[in-house]
Amino acid sequence: MRLLKLTRTVENKILAARRTGDAGAMRAAARIVADVRRGGDAAVLSWSNRFDSTELRAPNLWVSTKEMRNARSEVTPAFRAAIEAAARNIRRVAERQKPKEWTFEVEAGVRISQIVRPIESIACYAPGGRFSLVSTLLMTVIPAQVAGVPEIIVASPRPGAAFLAAAEMLGVRRVLRVGGTQAIAALAYGTRMIPRVDKIFGPGNRYVTAAKQLISADCAIDMLAGPTEALFLASRGNPRFIAADLLAQAEHDPEAISMLVTTSARFATAVAQEIAAQLNRLPADSAAHRSIRKNGAILVAPGLAEAIDFVNRFAPEHLTVEAGGAEMLRRIHAAGSIFLGDWSAQAFGDYASGTNHVLPTRGLARARGGLSVADFVKCITVQEVTRVAARRLVPVAEKFAAAEGLVAHGRSVEVRR
């Protein structure tokens, strides 16, 4: 784990490294997206069998109800109980997040309302490459259900028993046994066997992310996910806990970013030693080893102001703040999800505390938070203007229409005098 002084040069180098594009992934994704648009189901099957080492055929593109029921019986009661506990917390948070409908009179005779309507059809993509992320299924499906989305499709390559058991317990009825770029393209444009959806949710590898970017002009997406990011802002605490959290996030991906920002050189050394000790207990070829070597760092800042400034500029996906860091928290305005104190393990957010683990990466947290029910609904404004109020608004609208040179706009309000 590198120990570095946090200077402006070091900061700029770290930030610049995240801004590099992925031209190779974009070219590969563009080829597959175009092929699926032309070839439909045949192209989907061809690419799936090539990349996922499957023997997928048209009749088994979709997981059967029987297979899902059987999967539930294959997992242990303890795992089913874990699904229920996590789902309960995720659902409670989602219900609290749901946008509300309201009506008020903005001025006499001008009544404005907000109505909330779910998106009609969505797809929840769950990666199935290095790991089968059952938790991602919960994090995308449950908010959609709370939002009232009528059609929910789940897509994942090689969904295993644990994944299908969770889907069955959640009441999911449509699971597509396809992943990668070909799944994103099929769901965005539709094929004979795969319906087009209105919005696609869920993280994926670099090719899935590139595909989501390519289809985003035609099908809405939640966000573009990059490699996992874990950042700690602390000058005291339990080094063993911090090291464990940083390594936990590092094992997601060899490109994952794990960093501690501190004002204490002594604390930096203690955490570095703990990371080295824990890393030695992991397989030498693990993603955590490669991630820590490439993107792991402990940054020693000259002061708290500089440390917080870096955090806000970096806008991390996961951010842990030391216990009692209320003052720090007030000054932080860019992070996907924040964890307070030693006992708030970042993995609790990944699985069970109830917050969503689909979070912004690559600095996107400067503009948005994590996935929520709000991403699955449309907030539609409604306005009703009385005759008296219309006459009062006419001259105001006419002035704007004249300034913008929009004659028909002006006439449309003038006729209501």
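FYI, the numbering just counts along the sequence from 1. Note that these values count all heavy atoms, side chains included, but never hydrogens, waters or copies made by symmetry.
One distance of note links CD1 of I115 with NZ of K378; it measures 9.5 Å at 0.5 Å rounding. The CZ atom of F314 sits 13.5 Å away from the CG atom of D309 when rounded to the nearest 0.5 Å. Interatomic distance, CZ of R174 versus CD1 of I153, reported as 4.5 Å (0.5 Å rounding). Interatomic distance, CD of E306 versus CG of L299, reported as 13.0 Å (0.5 Å rounding). To the nearest 0.5 Å, the span separating CD on Q114 from CZ on F104 amounts to 10.5 Å. To the nearest 0.5 Å, atom CG of residue L260 and atom CG of residue D245 are 11.5 Å apart.
Side-chain contact check for I184 versus I215: some heavy-atom pair is nearer than 4.5 Å. In this structure, R31 and W47 have side chains that are in contact, with non-hydrogen atoms separated by less than 4.5 Å. When side chains are defined from C-beta on, V116 does not count as touching K100, because their heavy atoms never get closer than 4.5 Å. Contact annotation: the side chain of E151 never approaches that of V197 to less than 4.5 Å [non-hydrogen atoms, C-beta and beyond]. R91 is listed as a side-chain neighbour of Q145, based on a closest heavy-atom distance under 4.5 Å. With contacts defined as side-chain heavy-atom distances shorter than 4.5 Å, the pair I200/D222 does not qualify. When side chains are defined from C-beta on, V175 counts as touching M68, because their heavy atoms get closer than 4.5 Å. Between F267 and P239, some side-chain heavy-atom pair lies under the 4.5 Å cut-off.
For the pair R111 (side chain) and V385 (backbone), a donor-acceptor distance under 3.5 Å is absent. Put simply, the side chain of T209 never gets that close to the backbone of R206: no donor and acceptor are under 3.5 Å apart. With K212 contributing its side chain and A220 its backbone, the two residues share no donor-acceptor pair below 3.5 Å. Within the 3.5 Å criterion, the main-chain N or O of A43 finds no donor-acceptor partner in the side chain of D35. At distances below 3.5 Å, not a single donor-acceptor pair connects side-chain atoms of Y189 with backbone N or O atoms of D218. The closest donor-acceptor contact from the side chain of R177 to the backbone of N60 lies under 3.5 Å. Of the possible polar contacts, none joining the R416 side chain to the A390 backbone as a donor-acceptor pair under 3.5 Å is found. Side-chain N or O atoms of T181 include one that pairs as donor or acceptor with a backbone N or O of Y207 at under 3.5 Å. T103 places no side-chain N or O within donor-acceptor distance of the main-chain N or O of S113, the cut-off being under 3.5 Å. Using modelled atom types, no side-chain atom of N295 and backbone atom of S291 make a donor-acceptor pair closer than 3.5 Å.
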(request) Test L4 against I298 for side-chain contact (heavy atoms from CB on, under 4.5 Å), laying out the working first. (result) CA-CA 6 Å; L4 304 170; I298 296 177; over 6 Å; no
(request) Check the pair N70, K66 against side-chain contact (heavy atoms from CB on, under 4.5 Å), reporting the backbone distance first and the verdict last. (result) CA-CA 6 Å; N70 290 342; K66 180 180 179 181; 3.7 Å; yes
(message) Determine whether L359 and H318 satisfy the following criterion, side-chain contact (heavy atoms from CB on, under 4.5 Å), listing intermediate values before the conclusion.
(response) CA-CA 8 Å; L359 301 168; H318 305 88; 3.8 Å; yes
(request) Assess whether side-chain contact (heavy atoms from CB on, under 4.5 Å) is satisfied between V358 and M223, documenting all intermediate values. (result) CA-CA 9 Å; V358 180; M223 64 185 86; 4.3 Å; yes
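Enclosure of atom CD in E101 by more than 12 non-hydrogen atoms of other residues, nucleotides or ligands within 6.0 angstrom is indicated. The environment of F79 atom CZ is dense: over 12 non-hydrogen atoms of other residues, nucleotides or ligands sit within 6.0 angstrom. Summarising the local packing, CZ of R331 is surrounded by more than 12 heavy atoms from other residues, nucleotides or ligands at distances under 6.0 Å. Enclosure of atom CZ in R417 by more than 12 non-hydrogen atoms of other residues, nucleotides or ligands within 6.0 angstrom is indicated.
Looking at every heavy atom in both residues, M139 comes nearest to G349 through CE-O, 3.6 Å. In terms of heavy-atom proximity, A167 sits nearest to L137 at N-CD2, 3.4 Å. When all heavy atoms of A161 and A71 are compared, the pair lying nearest together is O-CB, 3.6 Å. Counting all heavy atoms, side chain and backbone alike, L138 lies closest to A86 at CD2-CB, 4.0 Å. When all heavy atoms of Q346 and F232 are compared, the closest pair comes out as NE2-CE1, 3.6 Å. For the residue pair P203 and A225, the shortest heavy atom distance occurs at CB-CB, 4.1 Å.
Salt-bridge annotation for E255 and R290: absent, with no side-chain N of the basic residue lying under 4.0 Å from a carboxylate O of the acidic one. In this structure, R368 pairs ionically with D375, as a charged nitrogen and a carboxylate oxygen lie closer than 4.0 Å. Taking a cutoff of 4.0 Å between a charged side-chain nitrogen and a carboxylate oxygen, E398 and R411 do not qualify as a salt bridge. Salt bridge E168/R69: absent, no basic N to carboxylate O contact under 4.0 Å. Look at E404 and K399 and you find no salt bridge, because none of the NZ, NE, NH1 or NH2 atoms lies under 4.0 Å from a carboxylate O. E95 has no carboxylate O lying under 4.0 Å from a charged side-chain N of K98, or vice versa, which leaves the two without a salt bridge. Salt bridge R18/E229: present, at least one basic N to carboxylate O contact under 4.0 Å. With respect to the salt-bridge test (charged N to carboxylate O, under 4.0 angstrom), the residues R236 and E322 qualify.
Qualifying ring-ring contact (aromatic ring centres under 6.0 Å, His included) partners for F376, counting only residues two or more places apart in sequence or in other chains: F201. Legend: residues meeting ring-ring contact (aromatic ring centres under 6.0 Å, His included) with F241, ordered by chain and number and at least two apart, are W343.
Side chain to side chain, Q249 and D350 meet the donor-acceptor criterion of an N or O pair below 3.5 Å. If you check the side chains of D198 and S121, you find a donor sitting under 3.5 Å from an acceptor.
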